[in-house]
Amino acid sequence: MPELPEVETIARKLKPQLVGKTIQDAQLRWQRTLAFPSPRKFRGLIKGQQIQNVTRRAKYFILQLSDFSLLIHLRMSGDLLIKKGKIKPEKHDRLILNLLSAEGDLSHLVFNDTRKFGRVWLTANAEDVLGKLGPEPLSRAFTSRWLHTALHSRHRLLKPLLLDQTFLAGIGNIYADESLHLAKLHPLAASDSVTEQQAEALHRSICQVLKEGIRRNGASFDWVYRGGEYHFRVYDRTGKPCPVCGTSIERILVGQRSTHFCPTCQRLS
DNA sequence: CACGTCACCTGCGTGC
DNA sequence: TGCACGCAGGTGACGT
């Protein structure tokens with residue numbers, strides 16, 4: 001489900017509710033949700049850990065604990081919720097952490113994930129999981145110079161390259177389509193054919209759509225994440241008018257992923 | 001190295 | 001109403 005803006009939105013909301021809480025116990029309700037370590041070790045290690053910070057790297061949540069990092073990836077259908085008091089698990093709750101505040105109040109961090117693709121890691125070395133990720137698009141490391149050079153260091157189609165988390169980390173199917181449209185670049189363009197001006201436009205567009213996503217608290221789909229108000233330009237708008245020129249938005253498959261673009265604004269040279 | 005295919009999962013909308 | 005089918009925000013393991 002969530003891409004960088006959705007994860008950032010959730011992380012900002014969770015942080016004040018989690019920092020300072022102590023993890024009393026964990027209920028793992030779907031074994032494969034836990035990527036590392038084994039369920040037995042996980043439960044032993046996480047008990048008594050205090051949550052010291054909540055941050056984000058790409059589409060991963062990082063819960064900084066006393067002695068470990070708890071990393072969470074929501075993949076397609078995951079969500080993180082806080083519930084207060086006593087609770088009974090819902091159908092798709094995969095992991096529940098029982099939390100205790102300094103005042104002795106009970107609450108729960110619930111990882112709900114319909115499709116079971118989401119994963120959780122408990123590790124002393126977060127780099128083992130995050131080490132292969134490309135730069136953060138909203139960091140100072142991501143510049144249009146870097147992007148232009150990086151695009152020319154490979155021969156790939158633009159859209160699949162934007163989705164490659166080792167190239168640039170945090171963009172998913174929505175924001176890839178949205179940034180290519182804003183930059184007036186065709187999703188099937190070859191990465192090493194992009195001019196310096198086009199790379200500048202793409203850099204600007206990526207930053208703009210991600211910031212817009214964060215400002216609007218992410219995008220919403222009625223069946224999963226609610227509350228966000230990011231407005232799609234092309235994504236999920238097949239047959240509807242391009243907001244720039246009015247041409248009908250087209251949908252094609254690129255690398256097995258649904259891809260939306262304006263055939264007038266985004267020419268393949 | 002680049003790309004295609006499949007696997008992992010459940011649920012929803014569509015059309016017959 | 002029932003049922004088959006296609007589709008979904010992600011990633012990783014294969015094979016060519």
Side-chain angles (χ1 to χ4, degrees), chain A residues 1-11 29-36 56-61 71-80 89-95 111-121 128-134 137 150-181 187-193 206 209-210 212-214 216-239 251-260:
Chain A
M1 154 192 94
E3 305 181 23
L4 187 156
E6 289 75 30
V7 176
E8 177 70 23
T9 299
I10 296 170
R29 308 185 72 250
W30 180 255
Q31 299 276 78
R32 299 192 55 173
T33 294
L34 183 61
F36 185 86
R56 176 194 62 74
R57 168 81 168 102
K59 302 172 194 171
Y60 292 81
F61 294 90
L71 307 174
I72 303 173
H73 197 304
L74 304 181
R75 294 279 176 91
M76 291 286 265
S77 59
D79 200 2
L80 286 173
E90 305 281 332
K91 185 174 179 188
H92 302 304
D93 292 348
R94 309 304 179 192
L95 175 68
F111 180 26
N112 182 277
D113 182 22
T114 305
R115 292 176 70 185
K116 300 177 175 172
F117 292 160
R119 290 292 180 267
V120 172
W121 297 256
D128 290 348
V129 180
L130 309 176
K132 289 182 301 182
L133 292 171
L151 289 171
H152 281 258
S153 74
R154 328 219 187 166
H155 183 67
R156 299 274 304 271
L157 302 181
L158 271 187
K159 165 90 187 259
L161 188 54
L162 289 183
L163 293 178
D164 183 340
Q165 303 296 299
T166 67
F167 178 76
L168 187 61
I171 295 177
N173 209 31
I174 293 176
Y175 296 94
D177 284 2
E178 297 286 288
S179 42
L180 286 171
H181 175 263
L188 295 176
S191 62
D192 53 359
S193 75
I206 289 169
V209 298
L210 292 178
E212 197 174 310
I214 292 171
R216 294 183 171 264
N217 299 316
S220 281
F221 286 77
D222 8 310
W223 39 286
V224 193
Y225 178 63
R226 298 147 207 273
E229 284 164 358
Y230 176 84
H231 175 75
F232 300 142
R233 292 169 171 82
V234 288
Y235 182 82
D236 199 28
R237 297 195 65 240
T238 311
R251 175 185 177 274
I252 57 173
L253 274 186
V254 182
Q256 331 286 88
R257 308 300 302 278
S258 184
T259 297
H260 315 76

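Naming: A, B, ... by sequence-line order, numbering from 1 per chain.
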- Find the distance A:R32:CZ to B:dC9:C1' and express it as a whole number of Å. 10 Å
- Item | Partner residues of A:H92 under the side chain to side chain contact (heavy atoms under 4.5 Å, CB included) criterion, sequence neighbours left out | A:R94, A:N112, A:T114
- B:dT10 and C:dT1, which share atom name P, separated by this distance in whole Å: 26 Å
- Ignoring backbone atoms, test whether A:S258 places a side-chain nitrogen or oxygen under 4.0 Å from the OP1 or OP2 oxygen of C:dC7. no
- Query: Tell me, which of residues 151-159 of chain A have any heavy atom that sits under 4.0 Å from an atom in DNA chain B?
  - Reply: A:R154, A:H155, A:R156, A:L157
- If you measure from the P atom in C:dG6 to the same atom in B:dT5, how many Å do you get, rounded? 16 Å
- Message: Contact between A:I171 and A:L4 at the side-chain level, heavy atoms closer than 4.5 Å - yes or no?
- Response: no
- Could you list the residues that satisfy salt bridge (charged side-chain N to carboxylate O under 4.0 Å, His left out) with A:E212, not counting sequence neighbours? A:R233
- Message: Just N and O in the side chain of A:R251: are any of them under 4.0 Å from OP1 or OP2 of C:dA8?
- Response: yes
Dump every N/O contact between nucleotides 5-7 of chain B and the protein below 3.5 Å, one line per pair.
none

- Message: Taking Watson-Crick (N1-N3 plus N6-O4 or O6-N4) and G-U wobble (N1-O2, O6-N3), each under 3.5 Å, can you produce the dot-bracket string of DNA chain B? Use [ ] for crossing pairs and | for inter-strand ones.
- Response: .|||||||.|||||||
- Query: Do A:L253 and A:T259 come close enough that some side-chain heavy atom pair is under 4.5 Å?
  - Reply: no
- Same-atom distance (P) from B:dC9 to C:dC14, integer angstrom: 16 Å
- Picking from C:dG9, B:dG11, B:dC9, which would you name as closest to the side chain of A:M76? C:dG9
- Query: Rounded to whole angstroms, how far apart are CG on A:L162 and C1' on C:dG9?
  - Reply: 16 Å
- Not counting sequence neighbours, which residues clear salt bridge (charged side-chain N to carboxylate O under 4.0 Å, His left out) with A:R237? List them please. none
- Looking at residues at least two apart in the chain, or sitting in another chain, which of them share a salt bridge (charged side-chain N to carboxylate O under 4.0 Å, His left out) with A:K159? A:D177
- OP1 or OP2 of B:dG11 under 4.0 Å from side-chain N/O of A:H92: yes
- Query: Considering residues at least two apart in sequence or located in another chain, which fulfil the side chain to side chain contact (heavy atoms under 4.5 Å, CB included) criterion with A:T238?
  - Reply: A:R251, A:H260
- A:D113 side-chain N/O to A:G78 backbone N/O, donor-acceptor pair under 3.5 Å: yes
- Using side chain to side chain donor-acceptor pair (under 3.5 Å) as the criterion, list what pairs up with A:H231, not counting sequence neighbours. none
- Message: Quick check for you: among B:dC8, B:dT10, C:dG9, whose closest atom lies nearest to any side-chain atom of A:K116?
- Response: B:dT10
- Message: What I'd like to find out is whether the side chain of A:L74 reaches to under 4.5 Å of the side chain of A:F111, using heavy atoms alone.
- Response: yes
- Query: Which whole-number value in Å describes the distance from A:R94 CZ to B:dC8 C1'?
  - Reply: 13 Å
- Query: When the distance from CZ of A:F117 to P of B:dT10 is rounded to whole Å, what number comes out?
  - Reply: 9 Å
- Message: Rounded to whole Å, how long is the line connecting atom CZ of A:F167 with atom P of C:dG10?
- Response: 17 Å
- Message: Please determine whether side chain to side chain donor-acceptor pair (under 3.5 Å) holds for the pair A:E178 and A:Y230, giving the CA-CA distance in whole Å, both sets of side-chain angles, and the decisive distance to 0.1 Å.
- Response: CA-CA 11 Å; A:E178 297 286 288; A:Y230 176 84; 2.7 Å; yes
- Note on the structure: A:D177 CG to C:dG10 P, in whole Å, measures 10 Å
Could you list the protein-to-nucleotides 11-13 of chain C atom pairs, N/O on both sides, closer than 3.5 Å?
| residue | atom | partner | partner atom | Å |
| --- | --- | --- | --- | --- |
| C:dT11 | OP1 | A:H73 | NE2 | 2.7 |
| C:dT11 | OP2 | A:K59 | NZ | 2.8 |

- Query: Could you state the CG-C1' distance from A:D192 to B:dC1, rounded to the nearest angstrom?
  - Reply: 13 Å
- Message: Any side-chain N or O of A:Y175 below 4.0 angstrom from OP1/OP2 of C:dG9?
- Response: no
- Message: If you compare every side-chain N and O of A:R119 against the phosphate oxygens of B:dC8 (OP1, OP2), does one of them come in below 4.0 Å?
- Response: no
- Task: Identify, with sequence neighbours excluded, every residue that meets side chain to side chain donor-acceptor pair (under 3.5 Å) alongside A:R119.
- Result: none
- Query: Would you call A:K59 and A:R75 a side-chain contact if the rule is heavy atoms closer than 4.5 Å?
  - Reply: no
- Query: Does A:E8 have any side chain to side chain donor-acceptor pair (under 3.5 Å) partners at least two apart in sequence or in another chain, and if so, which?
  - Reply: A:R12, A:R56
- Query: Can any side-chain N or O of A:Q165 pair as donor or acceptor with the backbone N or O of A:L163 at less than 3.5 Å?
  - Reply: yes
- In whole Å, what is the span from the CG atom of A:D113 to the C1' atom of B:dG11? 13 Å
